[in-house]
Amino acid sequence: MGFIKTVWRGDAGLATTYWFWGLIVGLLIAAGGFAVGSAESVFLGVLYIAFVVLYSIWVSVGVWRSAGKYQGKRVWATLARFGVIVGAVRSVFEVGPLLVHSFS
């Protein structure tokens, strides 16, 4: 469980945090959403959404902090932070309406 703190603090490295935790694991979690959706369980759906939101916050903070510590070309750190901003805005427009629809 030490990796949770390592990523959160931005100490896992920008490439590892962005590409592995953000992209690869993120895609696996998204694929898991299809299984949860086919289960037709409101509880599982809410639990899944809560997990995705918490995971997204964790990865976004990790990427942001890793970008601040990145020693390579600044363009990669800037693009990573831009990706965090785009992801956050996208989440508001995708997850927000889903949550409203789920509870209405």
Side-chain angles (χ1 to χ4, degrees):
M1 294 302 249
F3 72 92
I4 293 174
K5 286 183 181 179
T6 302
V7 171
W8 179 259
R9 292 178 181 162
D11 294 334
L14 183 57
T16 300
T17 306
Y18 187 88
W19 292 108
F20 180 72
W21 293 108
L23 183 69
I24 295 172
V25 175
L27 287 173
L28 292 172
I29 291 170
F34 291 111
V36 170
S38 67
E40 297 183 15
S41 167
V42 174
F43 175 74
L44 283 178
V46 171
L47 191 63
Y48 175 76
I49 291 170
F51 175 77
V52 168
V53 168
L54 291 174
Y55 183 83
S56 298
I57 291 169
W58 175 71
V59 168
S60 296
V61 169
V63 168
W64 193 272
R65 290 177 176 173
S66 292
K69 296 177 180 183
Y70 186 64
Q71 298 296 312
K73 294 182 181 180
R74 292 306 311 161
V75 66
W76 298 120
T78 302
L79 287 172
R81 283 186 166 173
F82 179 74
V84 168
I85 293 168
V86 169
V89 170
R90 193 186 95 206
S91 292
V92 167
F93 288 103
E94 288 180 0
V95 176
L98 182 61
L99 287 173
V100 169
H101 177 70
S102 295
F103 293 108
S104 59

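Keep in mind that what you see is a predicted model, and the values were worked out from it rather than measured.
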Residues that Lys5 engages under side-chain contact (heavy atoms from CB on, under 4.5 Å), provided they are two or more places apart: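 Lys5 satisfies side-chain contact (heavy atoms from CB on, under 4.5 Å) with Arg9 only.
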Side chains of Ile85 and Trp64, heavy atoms from C-beta outward: is any pair under 4.5 Å?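 Heavy-atom side-chain distance check passes, below 4.5 Å.
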Indicate if [X] and [Y] have the same hydrophobic cluster label, given that clusters are the connected sets of ILVMFWY residues with side-chain heavy-atom separations under 4.5 angstrom.
X: Leu23; Y: Val86; answer: no
X: Phe34; Y: Tyr55; answer: no
X: Leu54; Y: Leu47; answer: no
X: Phe43; Y: Val53; answer: no

Taking all non-hydrogen atoms of both residues, which atom of [X] and which atom of [Y] are closest, and how far apart?
X: Gly62; Y: Thr17; value: C-CG2, 3.6 Å
X: Lys69; Y: Gly10; value: CD-O, 3.6 Å
X: Ala67; Y: Ala77; value: O-CB, 3.4 Å

Residues Phe3, Trp21; criterion ring pair (Phe, Tyr, Trp, His ring centres under 6.0 Å); working and verdict: CA-CA 11 Å; Phe3 72 92; Trp21 293 108; 5.1 Å; yes
Between CZ on residue Phe51 and OG on residue Ser56, distance to nearest 0.5 Å: 9.0 Å
About how many Å separate CD1 of Ile29 and CD1 of Ile24, when rounded to the nearest 0.5 Å? 12.0 Å
Using the side-chain contact (heavy atoms from CB on, under 4.5 Å) rule, pick out the option among Val63, Val89, Val59 that qualifies with Val84. Val63
Does Trp58 use its side chain to pair, donor to acceptor, with the backbone of Ile4 at less than 3.5 Å?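 Side chain of Trp58 to backbone of Ile4: a pair is present.
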Any side-chain to backbone donor/acceptor pair from Arg65 onto Asp11? Under 3.5 Å, distance only.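 No; zero donor-acceptor contacts below 3.5 Å.
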